[in-house]
Amino acid sequence: MFKHLEQYAGDPIFGLNDAFHRNTHPQKINLTIGLYYDDAGRIPVLPSVATVQTRLAADPAPCTYLPMEGLAAYRSAVQRVVFGEASTAVAEGRVATIQTLGGTGALKVGADLLHAAYPESQIWISDPAWDNHYAIFGGAGIPTNSYPYYDQATKGLAFDAMMECLRELPSHSIVLLHPCCHNPTGVDLSQAQWDEVIQVLQQRRLIPFLDIAYQGFGSGMDEDAYAVRAMADAGLTVLVANSFSKNLSVYGERCGGLSVVCGSSAEADLVLGQLKAIVRRIYSSPPSHGGHVVAGVLNDPELHSQWVAEVSTMRDRMAQMRGLVHEQLSTKLPDYDADYFIRQRGMFTYSGLSREQLQTLRERHGVYIIDSGRIAVPGLNTANVEHFTDALADVISVTV
């Protein structure tokens with residue numbers, strides 16, 4: 001019955017991750033997948049999360065279905081973390097929020113909502129982008145396009161070209177934006193640039209869809225949410241997909257959220273009803289255990305403060321690795337401009353390495369980076385950074 005179906009080629013990131021595990025190089029380094037590792041190369045269990053898990057285990061409760069929209073305590077916590085304690089939009093009841101299956105699930109539900117509300121609209125996604133953005137929105141029936149974002153020459157932001165594109169988009173076009181820690185480039189907009197983008201979004205009557213998967217990994221929990229809060233304060237209707245996978249290290253619990261900032265509380269109620277209907281058609285309700293873990297951390301003032309400190313530690317470690325790479329490459333390759341390692345932020349750095357260089361890194365040095373040249377910074381640590389910069393110096397020296 002299904003012989004006519006196309007063979008699934010597999011996800012290239014997961015496929016390369018599998019190849020890494022098969023490699024026998026004694027100093028191999030995995031810089032492919034977006035996971036946070038500590039300096040010992042382990043995925044951490046955050047102490048704040050462990051405390052809540054211990055509490056839940058000490059008082060077992062039936063694992064019943066959550067409501068379609070998710071746990072109420074979780075949803076209100078999402079709003080405080082993403083929009084801030086003093087959000088006017090939240091206080092006025094203008095934000096419809098649901099608990100989702102990670103950030104990916106939030107994107108899917110939001111895509112279905114937008115396609116139903118604006119069936120003729122198309123979406124514009126940054127160039128380059130996380131490949132799954134195209135798959136999710138295209139799978140929801142929304143035609144996908146790209147807008148300029150990354151400047152290969154400067155390894156920075158192509159802001160003028162980006163703005164030129166946005167100014168030409170038809171009204172009700174959907175624009176996917178990263179408030180912080182852009183995936184895959186690590187290149188972010190400044191607050192002043194965000195203010196300019198907001199003006200264009202208002203003037204052109206565009207629909208911003210913000211994907212904030214790494215809040216806290218750029219400059220700080222509040223600083224990284226600047227674009228979200230500025231758009232809400234400006235009165236824009238905006239969709240926000242957030243994820244706790246990385247900053248709470250609860251990847252497999254699938255903990256995310258989708259929030260829609262509306263023009264009124266009545267409109268927010270209408271949107272919430274449609275979000276629940278979409279959820280019912282896909283997966284009916286979100287995970288219970290992960291929801292209670294996240295809500296337990298975020299709603300306990302002491303644990304919340306502890307968590308913010310833990311995120312700061314993760315952010316500082318990634319910044320330290322960026323600094324070490326920059327320092328060592330500047331010594332080993334004095335004619336090579338390695339400044340992008342410290343200009344870019346978050347989990348990822350866009351290296352600009354060629355396919356041939358990446359292949360040499362894997363075969364000769366056991367260093368695995370995906371074909372786009374995106375480097376997952378948390379895979380570096382004080383034990384392997386010297387081997388990494390030696391390997392980079394080897395493949396780059398040929399072209400410098």
Show me the donor-acceptor pairs, under 3.5 Å and distance only, between side chains in residues 339-353 and residues at least two apart or in other chains.
| unit_1 | atom_1 | unit_2 | atom_2 | d |
| --- | --- | --- | --- | --- |
| Asp339 | OD1 | His326 | NE2 | 2.7 |
| Tyr340 | OH | Tyr336 | OH | 2.6 |
| Arg343 | NH2 | Thr154 | O | 2.6 |
| Gln344 | OE1 | Tyr350 | N | 2.9 |
| Gln344 | NE2 | Lys155 | O | 3.2 |
| Arg345 | NE | Asp188 | OD2 | 3.0 |
| Arg345 | NH1 | Ser219 | OG | 2.3 |
| Arg345 | NH2 | Asp188 | OD2 | 2.7 |
| Thr349 | OG1 | Arg322 | NH1 | 2.4 |
| Thr349 | OG1 | Arg322 | NH2 | 3.2 |
| Ser351 | OG | Leu353 | N | 3.2 |
| Ser351 | OG | Gly373 | O | 2.7 |

Nearest heavy atoms of Asp224 and Gly218, plus distance in Å: OD2-N, 2.9 Å
Can a salt bridge be assigned to the pair Arg317 and Asp38 using a cut-off of 4.0 Å between side-chain N and carboxylate O? no
Please answer whether the main-chain N or O of Ser259 pairs with a side-chain N or O of Thr97 as donor and acceptor at a distance below 3.5 Å. no
Mind jotting down which residue pairs meet the salt bridge (Lys or Arg N to Asp or Glu O under 4.0 Å) criterion with at least one end in residues 193-208? Sequence neighbours excluded, please. none
Leu392 and Val377: same hydrophobic cluster, using ILVMFWY side-chain contacts below 4.5 Å? yes
Would a hydrophobic clustering, with Ile, Leu, Val, Met, Phe, Trp and Tyr connected at side-chain separations under 4.5 Å, put Val82 with Val271? no
Write down the atom of Thr144, the atom of Gly138, and the distance for their closest heavy-atom approach. CG2-N, 3.8 Å
Any Lys/Arg nitrogen of Lys332 or Asp394 sitting under 4.0 Å from an Asp/Glu carboxylate oxygen of the other? no
Give a yes or no on whether the backbone of Val95 and the side-chain of Gln79 come within a donor-acceptor separation of less than 3.5 Å. yes
Residue pair Val279 / Ile98: nearest heavy atoms and the distance that separates them: CG2-CD1, 3.8 Å
Would you say Asn247's side chain and Tyr214's backbone share a donor-acceptor pair under 3.5 angstrom? no
Indicate yes or no for a side-chain donor-acceptor contact from Ser249 to the backbone of Pro44 under 3.5 Å, with no hydrogens or angles considered. yes
Could you pull out every donor-acceptor pair under 3.5 Å between side chains of residues 281-289 and any protein atom, sequence neighbours left out?
| unit_1 | atom_1 | unit_2 | atom_2 | d |
| --- | --- | --- | --- | --- |
| Ser284 | OG | Arg280 | NH1 | 2.6 |
| Ser288 | OG | His292 | ND1 | 3.4 |

Can you name the nearest heavy-atom pair linking Ser121 to Pro143, along with the distance? O-CD, 3.8 Å
Pair His365-Asp390, side-chain donor/acceptor within less than 3.5 Å: no
The ring-ring contact (aromatic ring centres under 6.0 Å, His included) partners of Phe209 (sequence neighbours excluded) come to Phe137
Within one Ile-Leu-Val-Met-Phe-Trp-Tyr cluster: Ile212 and Val250, side-chain cutoff 4.5 Å: yes
Closest approach of Thr360 and Val395, non-hydrogen atoms and distance? CG2-CG1, 3.7 Å
Is there a donor-acceptor pair under 3.5 Å between the side chain of Tyr118 and the backbone N or O of Leu113? no
Only residue of Val297, Val293, Val311 satisfying side chain to side chain contact (heavy atoms under 4.5 Å, CB included) with Leu248 is Val297
Return each pair, listed once, that meets ring-ring contact (aromatic ring centres under 6.0 Å, His included) where at least one residue sits in residues 15-44; pairs must be two or more places apart or across chains. Phe20-Tyr368, His25-His387
Are Gln203 and Gln199 close enough that a side-chain donor and a side-chain acceptor fall under 3.5 Å? no
Can you check whether Thr32's main-chain N or O pairs, donor with acceptor, with Arg374's side chain at less than 3.5 Å? yes
Main-chain N/O of Val325 paired with Gln328 side-chain donor or acceptor, under 3.5 Å: no
State plainly whether one hydrophobic cluster holds both Met318 and Phe388, where clusters connect Ile, Leu, Val, Met, Phe, Trp and Tyr through side-chain heavy atoms under 4.5 angstrom apart. yes
What pairs meet the salt bridge (Lys or Arg N to Asp or Glu O under 4.0 Å) rule with one or both residues in residues 225-241, with sequence neighbours excluded? Asp222-Arg229
By ring-ring contact (aromatic ring centres under 6.0 Å, His included), Tyr147 pairs with (sequence neighbours left out) none
Under 3.5 Å, which donor-acceptor pairs do the side chains of residues 57-73 form with other protein atoms, sequence neighbours left out?
none

Tell me if a side-chain donor or acceptor on Glu92 pairs with a main-chain N or O of Gly263 at a distance below 3.5 Å. no
Look only at the side chain of Ser87 and the backbone of Gly84, and say whether a donor-acceptor pair between them is shorter than 3.5 Å. no
What's the shortest heavy-atom distance between Leu333 and Ala393, and which atoms? CD1-CA, 3.6 Å
Which pairs pass side-chain hydrogen bond (donor to acceptor under 3.5 Å, both in side chains) with one or both residues in residues 293-313, sequence neighbours excluded? Ser48-Glu310, Arg55-Asp300, Arg80-Asn299, Gln306-Glu310, Ser312-Arg315
For Phe2, what are the other residues in its hydrophobic cluster, where any two members join if their side-chain heavy atoms are less than 4.5 angstrom apart? Met1, Leu5
What donor-acceptor contacts under 3.5 angstrom involve side-chain atoms of residues 156-181, with partners at least two apart or in another chain?
| unit_1 | atom_1 | unit_2 | atom_2 | d |
| --- | --- | --- | --- | --- |
| Ser173 | OG | Pro170 | O | 2.7 |
| His178 | ND1 | Asn183 | N | 3.4 |

According to a 4.5 Å side-chain heavy-atom criterion applied to Ile, Leu, Val, Met, Phe, Trp and Tyr, with indirect links allowed, do Ile207 and Leu236 form part of one hydrophobic cluster? no
Donor-acceptor contact below 3.5 Å, side chain Asn384 vs main chain Asn381: yes
Does this structure show an ion pair linking Asp112 with Lys108, if we count only N-O contacts that are shorter than 4.0 Å? yes
Sequence-distant partners of Phe217, ring-ring contact (aromatic ring centres under 6.0 Å, His included), two or more places apart: none
